[in-house]
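Below is one structure, written out as structure tokens; the observations come after it.
Letters A, B, ... mirror the listed sequences (proteins, then strands); counts begin at 1.
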Amino acid sequence: MQELRDLAKKLLLDKQVNAILGYEWDRRGARPAFITEAGDCDRLVFDHRCVQNLAAYLSPRRANIAQLGRLAVVIKACDARAVAGLIRENQLKREDLVLIGVRCGGVVVNPSDSEQLNAENIAPRCVGCEQREPTLADHLVGETQSAPVGKANRDLRLSEIEKLNPEERLSLWTSLLSQCTRCYACRQVCPMCFCERCIADKTQPAWIESSPHSRGNFSWHLTRALHLAGRCVDCGECERACPAGIPLGLLNHKVARIVASRYGYAVSDDPSRETPIGSYRLDDEQEFIA
Amino acid sequence: MNNRRMLNKTDFEDFVDSLLRAGITVIAPVRREQGGEKVEYRPIHSPAEIVLSGQPPVRPLKEVVFPPTEPLFNWKQTKASVQIEEVPTEFKETVVVGARPCDAAALEIVDKVMGWDYRDELWFGRRQAVTVLSLACPQSDDSCFCTAVGLSPESTRGADWFMSSVDGGFEIEILTPKGEKLLERCKDRCRETKGRTNAMPSLDAKVRANLNIDPGKVREWLEKHFDDPLWSDVALRCHGCGACAFVCPTCHCFDIVDELDGIGRGQRRRNWDACQPALFTLHGSGHNPRKDQTARFRQRIMHKFNIYPARFGEVLCTGCGRCIRACAAGMDLISILSEIDRKSAEEGA
Amino acid sequence: MNLYQPQLMRIEEIIEETGDTRTLKLQFENPSVAEQFDFKAGQFGEYSVFGAGECTFCIASSPTRKGYIEASFKEVGKVTRAMRRLNVGDTMGFRGPYGNHFPLDEMKGNNIVFISGGIGLAPVRCVIWNTLDLRDQFKDVTIIYGARSVADLVYKRELQGWAGRSDVKLYQCVDPGGETPDWKGEVCFVPSLVEKAAPSAKDSYAVVCGPPIVIRLTLPLLEKMGFAPERIYTTLENRMKCGLGKCGRCNVGPYYVCKDGPVFTSAQLKALPPEY
Ligand SMILES: Cc1cc2nc3c(=O)[nH]c(=O)nc-3n(C[C@H](O)[C@H](O)[C@H](O)COP(=O)(O)OP(=O)(O)OC[C@H]3O[C@@H](n4cnc5c(N)ncnc54)[C@H](O)[C@@H]3O)c2cc1C
Ligand code: SF4
Ligand code: SF4
Ligand code: SF4
Ligand code: SF4
Ligand code: SF4
Ligand code: FES
């Protein structure tokens, strides 16, 4: 922790950046912190409750954050993939940011969880995460920790769902999606949902009905999942943000598995890596056209 | 006859069962399909589903009277002529069992905006059809602050029956004519009682420890501080979604949209909306009166703690804590209100 | 029938005002509704195209002209685009009248100065005709109007008519570059035209509507010329949905613009946060 604070202080005092975007404690656990004074750097913390993907704040559309000036951002390995995505998709320039990588031993699902990290509360994405330290970083702090073996197994859950017949599957998703009220928390917290105007907000034509009825919700969720195919960095923020408890992570995971099997692509923290959605190859499978 | 009754647990369950058998919709907190401990207000099919203990439902009771989406009317068009088909403004009898006091009170607070000058028949039609049985709050957490906004874990506001858990059952206070009508349905099951004999210990002190402010002072401060560094500081974190408003029992903003059901027919609907997304106030010209999240987040606090009180005489918040629990960014109304309280004391001194 | 259900109206006439602005003359389909309908100058309505949605326009015709209403609209988005596709004889929806109005009774016996820019003339036109139809109850009537270019002037026929009246003082301008060879009015911005016209503030009321920039520059100018802020009226155009003080969208400061407005005095605006 001290290493992180000292580094942040130095970056501010040397005027390398105008603000540090990191984590701090509040009453109920960890929350994002925006620190502009070197004297406040001792507020910075990092541990298994620092769940949030701070890359969401880096979208050029966040006018009030852009006003802060040049930023240094605390990122975990999974967050680094989002920063890479933003660079790859021309939302950010690498040189405009200082990236403070933190070594991480997994995080909990809920930042106000007061328990130690354990098999029950570890975030699904951390189960099986092999990275644990971001390669895309200017500084690396903290020590490598091992993560507990988690119980959540999305592959298992997916194969259970895949075993259902189409009607059963439809009724499962109809019931889950019926709870969506279209608050768009899932979109707003997503670092990769950075569009100036989301297709869900377009009205001419209204591609996606804004009403939270079955028709509207299915179009929203299909579109959201597809627009994030090969782009979703599996940070889990959408599912965590959803007040309706919709297992968005499952949808994302399913799409990621399809992208992996069809295109041999797994989302990466290398900004120069070509993505399936952003590139075209003659040998891409295209049986759906024929 | 006084207005207090005692109903033991099995009689209570039989009573709920009799309502269901009479074709009345019964809504109560039940476990989410996939949500572990989390509960939601949902229509039930059997009294066994009801979960009266634990955390409050994630989403508020408001959707029972104000659905997330509802048709305002249907229309059909043939050539140039249009026919409008009305939607009913009378609704099916519904009984809510185990409403949280913070949810029941919210209905009365929102009645004010729904009924001033113009009366919203869809809201009041459902209000009329819904009988609310509140339960003395069984569990609070670090997000609750009802006591700071003039309510309490035992507030009877907005309730037709107020129920307290006692050994072996519930003690019931009948509060309204609607409540008396419902009592008719279980007269032979309950017996008269004097008063809260054996009620569970109140959570009052525990909730008070979360936040203790004077909403009047907060309002005075807000009146004077449209511009304050507080706004730009706290709003940095906010993602501008609708989660806080959609889980809020008192938020009532909505959008009106047209949708087609086919060629030449469709409906106009109203859908929940919120003041946090940028689109809420965007003008046709591209001008946006609340241009950034600082302005939009300030509106949330201003509307609840200054504008609504000025207009309708009380804050638009029941301290239910849902917005705090729901916010992915860790926006914390308790911290914000205590910061305002601190600033106001500092300036007052 | 609930609050949100509109009355049906038939389009009687479509008048092309400019390249992107049209006026629709509308009549209620139901004769008894038409009979009972009444409104005051400055009020607005929610107009709708079935399948596209609703939007807010002021009632641009005068309450003294019974049997129909007019709305002038500029194409900016979904509903206004759909409105442009409608023809004479087509059906629209209308809810209203909503909101407050200009205090015409209070203004009687005084001079009135109307100032507006672009399509801002729509709400002002309603009061102008209301005033002119009761002409002997007012003293001097001055109309100061400007648009970006000659092509952007709305209500051209009426402007000509007002120019020809001896009981109306009409000043017109277009922005520099917007003039045509035969343009006889001034070439300047609306605030400069106000300075040139120099209306007297004595026993006068001002009604100012237009794009935000016209309002922002003109209100202080009028005050400098001696108009009391309580006697300068304008309208706000916050985005609206319900028009009934329910949906929360039009809220600015303590006001619901749809109920407490859209007509406000300059004095009221001064006390408002700049969220309009
Ligand atoms: C009291 C009052 C009186 C008024 N009087 C008049 C009047 O007399 N005449 C008049 O012309 N106007 C008037 N207005 C303004 C008028 O209400 C609006 O111009 C109108 O509601 C626009 O509706 P719309 O459906 O065409 O636009 P919308 O489609 O709702 O679009 C509005 C804006 O939303 C955004 N938007 C929507 N869809 C898209 C998309 N697909 N892509 C990108 N951006 C998008 C854009 O910024 C767009 O300009 C008045 C307003 C008020 C409040
Ligand atoms: S879709 Fe969800 S998991 Fe994927 S990047 Fe966005 S917020 Fe993260
Ligand atoms: S966060 Fe959940 S409720 Fe909100 S729009 Fe996304 S899926 Fe729907
Ligand atoms: S306060 Fe939280 S829930 Fe509300 S808009 Fe901001 S991010 Fe969303
Ligand atoms: S503002 Fe928050 S605490 Fe207050 S009623 Fe709404 S959700 Fe509950
Ligand atoms: S806080 Fe915002 S969303 Fe909630 S009622 Fe007020 S204006 Fe509407
Ligand atoms: S337009 Fe809905 S409250 Fe004013």
When you scan chain A against chain B, which donor-acceptor pairs turn up at less than 3.5 Å?
residue, atom, partner, partner atom, Å
A:E24, OE2, B:R237, NH2, 3.0
A:R27, NE, B:D332, OD2, 2.8
A:R27, NH1, B:D142, O, 2.9
A:R27, NH2, B:D142, O, 3.0
A:R27, NH2, B:D332, OD1, 3.2
A:R27, NH2, B:D332, OD2, 3.3
A:R28, NE, B:D142, OD1, 3.3
A:R28, NE, B:S143, OG, 3.2
A:P32, O, B:R237, NE, 2.7
A:P32, O, B:R237, NH2, 3.4
A:Y57, OH, B:R237, O, 2.6
A:Y57, OH, B:H239, NE2, 3.4
A:R62, NH1, B:H239, ND1, 3.1
A:R62, NH2, B:H239, ND1, 3.0
A:Q179, O, B:R59, NH1, 2.5
A:Q179, OE1, B:R42, NH2, 3.1
A:C183, O, B:G242, N, 2.9
A:Q188, NE2, B:H239, O, 3.0
A:S211, OG, B:E259, OE2, 2.6
A:S211, OG, B:N271, OD1, 3.4
A:S211, OG, B:N271, ND2, 3.0
A:H213, NE2, B:E259, OE1, 2.7
A:R240, NH1, B:A328, O, 3.2
A:R240, NH2, B:A328, O, 2.9
A:P243, O, B:R32, NH2, 2.6

With only heavy atoms counted, which part of A:I246 is less than 4.5 Å from chain B, the side chain, the backbone, both or neither? neither
Scanning both residues in full, the closest heavy-atom pair of B:P249 with B:V110 reads O-CG2, 4.1 Å
Of all the heavy-atom pairs spanning A:L44 and A:A8, show the shortest one and how long it is. CD1-CB, 3.4 Å
So for A:A244, is it side chain, backbone, both, or neither that comes closer than 4.5 Å to the heavy atoms of chain B? both
So do A:I20 and A:L12 actually touch side chain to side chain, heavy atoms under 4.5 Å? yes
For the interface with chain B, which of A:G245, A:G216, A:A206, A:C183 has the highest count of heavy-atom pairs at distances below 4.5 Å? A:C183
Below 4.5 Å from any heavy atom of chain A, which atoms of B:C238 appear? Answer side chain, backbone, both or neither. backbone
Could you check if a side-chain atom of B:I27 sits within less than 4.5 angstrom of a side-chain atom of B:I44, using non-hydrogen atoms only? no
Among A:A241, A:P212, A:P247, which residue forms the greatest number of heavy-atom pairs with chain B at distances under 4.5 Å? A:P212
Please look at B:L282 and chain A and tell me whether the side chain, the backbone, both or neither of the residue comes under 4.5 angstrom of a heavy atom of that chain. side chain
Taking C-beta and beyond as the side chain, do A:L71 and A:L58 meet within less than 4.5 Å on heavy atoms? yes
Test item: A:L250 and A:L158 side chains (from C-beta on) under 4.5 Å apart, heavy atoms: yes
Taking side chain as everything from C-beta outward and backbone as N, CA, C, O, which of these in A:L21 sits under 4.5 Å from a heavy atom of chain B? Side chain, backbone, both or neither. neither
Any idea which heavy atoms bring A:V109 and A:P124 closest together, and the distance? CG2-CD, 4.1 Å
Closest approach of B:C317 and B:F145, non-hydrogen atoms and distance? SG-CZ, 3.6 Å
May I ask you to name which of A:C186, A:A33, A:P243, A:A185 has the most heavy-atom pairs under 4.5 Å with chain B? A:P243
How close do B:A28 and B:I50 get, counting heavy atoms only, and between which atoms? CB-CG1, 3.8 Å
Side chains of B:I213 and B:V218 in contact at under 4.5 Å (non-hydrogen atoms): yes
Engaged part of B:L279 at the chain A interface, taking heavy atoms whose separation is under 4.5 Å: side chain
Between A:P32 and chain B, with a heavy-atom cut-off of 4.5 Å, which part of the residue counts as in contact: side chain, backbone, both or neither? both
A:L176 versus chain B, heavy atoms under 4.5 Å apart: side chain, backbone, both or neither? side chain
Check whether any side-chain heavy atom of A:V107 sits under 4.5 Å from a side-chain heavy atom of A:C126, and report yes or no. yes
Proximity breakdown for B:A243 and chain A, heavy-atom pairs closer than 4.5 Å: both
Give me the atom names and distance for the closest heavy-atom approach of A:L86 to A:P191. CD2-O, 3.5 Å
